[in-house]
Amino acid sequence: MLWIKAFHIIFVVSWFAGLFYLPRIFVNLAMVPVESGAERARLLLMATKLFRFITPLGVLAVGLGLWLWFGYGFSGGWLHAKTALVVGLIAYHVWCGVLLAEFSRGASTRSHIWFRFFNEVPVLALVAISILVVVKPF
């Protein structure tokens, strides 16, 4: 089980790195005028490749987390809260895909300021999940 736990942590860290950076690309995309072809195309390419890269990382992180859950059991309120936050992160990841599709179509209407706040969601989730896993407050 320690190997599963180690790989779970590796994939979680990798997935989070992408979840931290992808919305930052969205901030830059929101600041670039639609007419700015080359810059916009480069940012879209970066965002698309990153999204395709982090999706399997997220799947592996969640899959190994489920393996650990079934191996150790599902007990404690902290684990219920962590699971709820992970479900929220999965929804956030999917939402990033939707936002990327909007940018690709040139249909995004949100400002760079909105994306700056959106960018902070995974940071808050990471803080909460880390505290829940380490401290197990309930």
Ignoring hydrogens and geometry, is there a side-chain-to-backbone donor-acceptor pair from Tyr72 to Trp67 under 3.5 Å?
-> no
Do Phe26 and Ser108 touch side chain to side chain, with heavy atoms closer than 4.5 Å?
-> no
For the student: nearest non-hydrogen atoms of Ile54 and Gly18, plus distance = CG2-CA, 3.5 Å
Value for CG (Leu50) from OH (Tyr21), rounded to nearest 0.5 Å, stands at 8.0 Å
Which atom pair, heavy atoms only, marks the closest approach of Val123 to Asn119?
-> CG2-O, 4.4 Å
Does Leu57 reach the side chain of Val12, with side-chain heavy atoms less than 4.5 Å apart?
-> no
Beyond-backbone contact of Phe138 with Leu132, side-chain heavy atoms, under 4.5 angstrom | yes
is_close_aromatic(Phe11, Trp15), centroid dist under 6.0 Å = no
Determine, using ring centers only, whether Phe51 and His93 are less than 6.0 Å apart.
-> yes
CG of Leu89 to CG of Leu19, rounded to nearest 0.5 Å, is 6.5 Å
Whether His8 side chain and Ala61 backbone form a donor-acceptor pair below 3.5 Å | yes
Could you tell me which non-hydrogen atom of Leu85 sits nearest to which non-hydrogen atom of Ala128, and how far apart they are?
-> CD1-CB, 3.7 Å
What distance separates Trp114 CH2 from Leu99 CG, expressed to the nearest 0.5 Å?
-> 5.0 Å
In terms of hydrophobic clustering (I, L, V, M, F, W, Y; side-chain heavy atoms under 4.5 Å; direct or indirect links), are Leu100 and Val98 co-clustered?
-> yes
Residues, nucleotides or ligands: over 12 heavy atoms within 6.0 Å of Arg116 CZ | yes
Is it true that Phe53 and Val59 fall in one hydrophobic cluster, defined by side-chain heavy atoms closer than 4.5 Å?
-> no
Report the hydrophobic cluster partners of Val13, with the cluster defined as I, L, V, M, F, W, Y residues connected by side-chain heavy atoms closer than 4.5 angstrom, directly or transitively.
-> Ile9
Gap between atom CG of Leu43 and atom CG of Asn28 - 0.5 Å precision | 6.0 Å
Hphob cluster co-occupancy, Leu124 + Ile90, side-chain heavy atoms under 4.5 angstrom | no
Val133 backbone acceptor or donor facing Lys136 side chain under 3.5 Å = yes
Say whether, by atom type as modelled, one donor and one acceptor occur between the side chain of Arg40 and the main chain of Ser104 under 3.5 angstrom.
-> no
Rounded to the nearest 0.5 Å, what separation is found between the CG atom of Leu60 and the CG atom of Leu64?
-> 6.0 Å
Ile131 side, atom CD1; Lys82 side, atom NZ - distance, nearest 0.5 Å = 14.0 Å
Do Phe70 and Phe7 share a hydrophobic cluster (ILVMFWY, side-chain heavy atoms under 4.5 Å, transitive)?
-> yes
Pro23 and Val27, any side-chain heavy atoms less than 4.5 Å apart = no
Parallel, tilted or perpendicular for Phe118 and Tyr92, by the 30°/60° rule?
-> parallel
Under a single-linkage definition using a 4.5 Å side-chain heavy-atom cutoff for Ile, Leu, Val, Met, Phe, Trp and Tyr, are Val62 and Met1 assigned to the same hydrophobic cluster?
-> yes
Hey, can you tell me if Phe20 and Phe16 have their rings parallel, tilted or perpendicular (30° and 60° cut-offs)?
-> tilted
Would a 4.5 Å heavy-atom cut-off, applied to side chains only, mark Leu45 and Arg42 as touching?
-> no
